[in-house]
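Shown next, in structure tokens, is the structure this report addresses.
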Amino acid sequence: MNAHVPLPTLDDGCGVSVRQERGQRAVFCGLTGIVWLHRKIQDAFFLVVGSRTCAHLIQSAAGVMIFAEPRFATAIMDERDLAGLADMNDELDRVVARLIERRPDIRLLFLVGSCPSEVIKLDLGRAAQRLSRRLSPEVRVLSYSGSGIETTFTQGEDACLAALVPEMPAASPDAAPSLLVVGALADVVEDQFARLFADLGIAPVRFLPARRAAEMPPVGPNTRYLLAQPFLTDTARALEEHGATRLAAPFPLGAEGTTRWLKAAADAWGVAPAHFDAVTAPGLKRARRALEPYRDLLRAKRIFFFPDSQLEIPLARFLSREMEAELVEVGTPYLHRGHLTDDMALLPRLTQVVEGQSLDDQMDRCRLAKPDLTVCGLGLANPLEAEGLTTKWSIELLFTPIQGYDQAGDLAELFARPLVRRTRLEV
Ligand code: SF4
């Protein structure tokens with residue numbers, strides 16, 4: 001726990017007030033990302049090198065997976081390991097050998113670091129190289145950290161994708177321009193976007209992560225990429241080191257966000273405005289129609305975001321502009337100003353954005369403001385509900401397909417649902 005240190009308020013230049021705050025935090029660690037990533041890369045396996053706490057976190061976050069053959073596990077380090085009595089590397093090699101023998105379908109193995117593996121300074125990068133040499137070409141082994149010391153919640157996906165970038169084939173400098181969509185999306189959303197890009201005449205279009213380890217897309221100086229998620233700082237940096245260029249856009253949440261996101265690619269490919277309008281009009285119409293019934297429920301509702309997923313700024317933009325909700329405070333654990341410029345510019349003037357967290361101070365502000373809806377992590381939701389506040393778990397926004405035209409209604413419904421439930425309870 002750190003002492004609260006108030007930091008200055010900055011005006012970001014687009015009229016949004018950004019205040020930084022440091023203190024006690026309440027967020028999940030980056031291991032959580034395994035829950036959606038293991039479904040995305042179908043022949044990957046995530047081996048957490050951690051403690052029983054890590055195993056419990058993953059197991060309860062992915063509780064629904066108990067009937068499936070899971071693609072994640074925890075190599076539990078016990079007291080003997082932590083005391084340095086056993087050679088951890090030998091032990092890890094044995095665990096991996098057993099795993100690959102039992103699961104010959106694995107093509108990509110991630111060794112995922114945790115707080116305990118970091119504390120004892122177990123070098124998982126070297127372990128991954130050693131195991132890769134032994135198991136290639138059938139299995140590639142990579143590593144990244146999901147530890148709570150280094151990462152929050154969605155940063156696990158960033159660390160995982162950043163680890164994949166050096167494995168992507170190099171695209172020839174003479175290759176035609178290609179579009180890369182970066183960030184794990186539900187397959188159904190990915191398919192919808194692929195169809196829209198094809199109708200716009202944008203090709204080739206590829207997605208990171210790919211659904212299979214052997215299909216990771218090439219990257220090079222002619223790669224233009226669109227971020228599908230706002231928490232991919234390290235991945236973006238790694239792609240740019242390989243020559244890729246980011247297309248600036250708001251994130252594809254809601255009818256407006258999706259249209260502007262697609263437009264960024266359309267402009268880069270020189271798609272005629274009339275053709276763009278013709279291709280996007282049916283989806284835009286469906287999205288607007290789907291949003292209508294929820295606008296009446298969310299209009300003028302006062303919404304308070306605790307910092308959790310890094311999706312807060314684009315969500316706040318969607319709620320204020322398309323749902324006419326009021327933003328009391330928009331907390332976000334980190335604010336990548338470059339990646340979020342377009343969303344920030346669409347926030348109402350004087351929106352209070354708070355970067356970082358000082359939990360007690362923010363709880364006090366939330367109690368004082370008495371918002372109609374508080375978007376927060378699981379750990380805060382129960383105490384706030386007990387105090388009479390209505391909450392939305394931010395983790396649901398990662399587990400539910402919310403991007404694109406055909407998910408706009410589902411996105412609005414996620415925020416409307418707790419308000420409807422509260423009204424029913426009161427009746
Ligand atoms: Fe807890 Fe750290 Fe394991 Fe995450 S990585 S579950 S914060 S011990």
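In listed order, ligands and their atoms are each counted from 1. Values below: all heavy atoms of this structure, side chains included; hydrogens, waters and symmetry mates excluded. Position 1 is the first residue of the sequence, and the numbers go up from there.
In terms of protein heavy-atom proximity, atom 2 (Fe) of ligand 1 is closest to C115 SG, 2.2 Å. Of all protein heavy atoms, the one lying nearest to atom 1 (Fe) of ligand 1 is T53 CG2, 4.0 Å. The shortest contact between atom 4 (Fe) of ligand 1 and any protein heavy atom is with C29 SG, 2.4 Å.
Salt-bridge annotation for R317 and D343: present, with a side-chain N of the basic residue lying under 4.0 Å from a carboxylate O of the acidic one. Checked for salt-bridge contact, R337 and E355 meet the test: a charged N lies under 4.0 Å from a carboxylate O.
Within the coordination shell of atom 3 (Fe) of ligand 1, defined by N, O or S atoms under 2.8 Å, C54 is present.
Contact atoms of ligand 1 toward S114: 5 (S) (distance under 4.0 Å to a heavy atom of the residue).
A donor-acceptor pair shorter than 3.5 Å can be found between the side chains of Q362 and E329.
Under a cut-off of 6.0 angstrom, the local environment of CZ in R52 is sparse, with at most 12 non-hydrogen atoms contributed by other residues, nucleotides or ligands. The neighbour count for R126 CZ, taken as heavy atoms of other residues, nucleotides or ligands under 6.0 Å away, does not exceed 12.
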